[in-house]
Novice: 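Structure below; questions to follow.
What you see below is based on every heavy atom in this structure, not just the backbone, and it leaves out hydrogens, waters and symmetry mates.
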Protein chains: 2
Amino acid sequence: MKESEAKHPTDTHQACAATPLGRAIHLLGDSWVLLIVMNLLQGPLRFNMLRATLGHISSKTLASRLRLLEELGFVQRQAFLEIPPRVEYHLTEKGRELGDVIAALERFGNKHLSDSVVSPTCEECIALDGEAPAVKDVR
Amino acid sequence: MKESEAKHPTDTHQACAATPLGRAIHLLGDSWVLLIVMNLLQGPLRFNMLRATLGHISSKTLASRLRLLEELGFVQRQAFLEIPPRVEYHLTEKGRELGDVIAALERFGNKHLSDSVVSPTCEECIALDGEAPAVKDVR
DNA sequence: CAGGATCCGATCGGATACTG
DNA sequence: CAGTATCCGATCGGATCCTG
């Protein structure tokens, strides 16, 4: 370990959490988080519904991201004590503001990442197809 | 492998590259890319300069991200045939538009991720400190 | 100086099985 | 249904060494 005096492994968080932007990058520099928020922007969803919408994602991964988002106060977990159990996740006021970021992302994507460039990797990405996320005017 | 008929490993690209937004998420769902672009927004930088600015990042990782960004046409690689070699990376017109996303990210960070919540992880994150990225309209 | 090639450990994320 | 605990393979990213 000498290439630059690194200390932690996976220093992806290097330019890390010291600055707000750094934290934002660290948080949103995660596809899952982005995807989850994106879906939640369209309304509350239940655990498995969210999973289905996301396509392939293990319950483990989904649970961890949801927990993270909840801890940060961007997502509100609402559990109904019934049988079978039902849990709905919905964005909080703060969380909904992530819509701005998603919107920027979408605008950028539509403008420069329209089906043309970029190597096609997945073919059955039906999850988000069709129903245009329509994040745009979330407020 | 049965939890949802996944086919590829690391299906992070699941809600994948089928839609522009999906691709944007896939691309920007990477801290390094975000960080690199952020720094490049302030002006062209040379390979090692960029590395230094980013804090800890291996040449391998940096090179791969730069290559990716270059292939997508967001970064322009300009090599000077001299000795010692000099290579400057600067954002293209398209790449500069990523500033909008970064700006949204920054706005969000300043608003909801200001030093308070979030577990402090790194202490010497001086890389981005001080000189506020000044993406432009920090609001 | 800019980066390619390799080796390798750490981490992430998926699959499975199990519980309330 | 909504997770949690565990096992484990695939990938990522860092460190090194090396070349133009």
Novice: Any side-chain heavy-atom pair from B/D30 and B/R65 closer than 4.5 angstrom?
Specialist: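 Counting from C-beta outward, B/D30 and B/R65 do come under 4.5 Å.
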Novice: If you look at every strand shown and take non-hydrogen atoms under 4.0 Å, does A/F80 touch a base, only sugar-phosphate, or nothing?
Specialist: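 Here A/F80 touches no strand at all.
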Novice: Kindly point out which of D/dC1, D/dC7, D/dG13 is positioned nearest to the side chain of A/P84?
Specialist: D/dC1
Novice: Please tell me which of the listed nucleotides, D/dG3, C/dA15, C/dC1, lies nearest to the side chain of A/S58?
Specialist: C/dA15
Novice: Does a side-chain N or O from A/R86 land closer than 4.0 Å to OP1 or OP2 of D/dA2, or not?
Specialist: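 So the side-chain polar atoms of A/R86 never come under 4.0 Å of the phosphate oxygens OP1 or OP2 of D/dA2.
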Novice: Send over the distance from B/F47 CZ to D/dT19 C1', rounded to a whole Å.
Specialist: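 My rounded result for the distance is 15 Å.
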Novice: The side chain of A/R77 is closest to which nucleotide in this list: D/dA15, D/dA2, C/dG4?
Specialist: D/dA2
Novice: Do the side-chain N or O atoms of B/Y89 get closer than 4.0 angstrom to the phosphate oxygens (OP1, OP2) of C/dC1?
Specialist: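 The answer is no; no side-chain N or O of B/Y89 sits under 4.0 Å from OP1 or OP2.
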Novice: Of the nucleotides D/dT4, C/dC1, D/dC1, which one has an atom closest to the side chain of B/N48?
Specialist: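 So the side chain of B/N48 is nearest to C/dC1.
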Novice: Expressed as a whole number of angstroms, how long is the span from A/L81:CG to D/dC1:C1'?
Specialist: 13 Å
Novice: Assess whether a salt bridge exists between B/R96 and B/E93, defined as any Lys/Arg side-chain N lying under 4.0 Å from an Asp/Glu carboxylate O.
Specialist: yes
Novice: Looking at A/E106, is its backbone amide N or carbonyl O close enough to the side chain of A/K111 to form a donor-acceptor pair, meaning the two atoms are under 3.5 Å apart?
Specialist: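 Flag not set: sc A/K111 to bb A/E106 has no pair under 3.5 Å.
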Novice: Measuring from the side chain of A/R65 (C-beta onward, heavy atoms only), which nucleotide among C/dA15, D/dG13, C/dC12 has the closest atom?
Specialist: C/dC12
Novice: Mind calculating the distance between CD1 (A/I57) and P (D/dG3) to the nearest angstrom?
Specialist: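 One finds 13 Å between P of D/dG3 and CD1 of A/I57, rounded.
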Novice: Hey, is the side chain of B/R46 poking within less than 4.0 Å of OP1 or OP2 on C/dA2, counting only N and O atoms?
Specialist: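 Yes, because at least one side-chain N or O of B/R46 sits under 4.0 Å from OP1 or OP2 of C/dA2.
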Novice: Using the side chain to side chain contact (heavy atoms under 4.5 Å, CB included) criterion, which residues pair with A/R67? Sequence neighbours excluded.
Specialist: A/A63, A/E71
Novice: Just the rounded figure in Å: distance from P of C/dA2 to CD of B/E88.
Specialist: 10 Å
Novice: Between C/dT11 atom C1' and A/H26 atom NE2, what is the distance in whole Å?
Specialist: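 In whole Å, C/dT11 C1' and A/H26 NE2 are 13 Å from each other.
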Novice: For A/F74, give me all partners under ring pair (Phe, Tyr, Trp, His ring centres under 6.0 Å), at least two apart in sequence or on another chain.
Specialist: B/F108
Novice: Kindly say if B/S59 contacts the phosphate of C/dA2, meaning a side-chain N or O under 4.0 Å from OP1 or OP2.
Specialist: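 For C/dA2, neither OP1 nor OP2 has a side-chain N or O of B/S59 closer than 4.0 Å.
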Novice: Return whichever of A/S64 or A/P85 has its heavy-atom-nearest nucleotide of DNA chain C closer to the 5' end.
Specialist: A/S64
Novice: Check whether any side-chain N or O of A/T61 sits under 3.5 Å from a backbone N or O of A/I57 as a donor-acceptor pair, and report yes or no.
Specialist: no
Novice: What is the distance from CG of A/D30 to P of C/dG13, rounded to the nearest Å?
Specialist: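 So the CG-P distance, A/D30 to C/dG13, works out to 6 Å.
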Novice: Tell me the interatomic distance from B/K60, atom NZ, to D/dC17, atom P, rounded to whole angstroms.
Specialist: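 After rounding, the gap between these two atoms is 16 Å.
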Novice: For the side chain of A/V87, counting heavy atoms from C-beta on, which of D/dG3, C/dA2, C/dG13 is nearest?
Specialist: D/dG3
Novice: Would you indicate, yes or no, if D/dC1 has its OP1 or OP2 atom less than 4.0 angstrom from a side-chain nitrogen or oxygen of A/R51?
Specialist: no
Novice: What is the distance, to the nearest angstrom, from the CD1 atom on B/I83 to the C1' atom on D/dG20?
Specialist: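 These atoms are roughly 8 Å apart.
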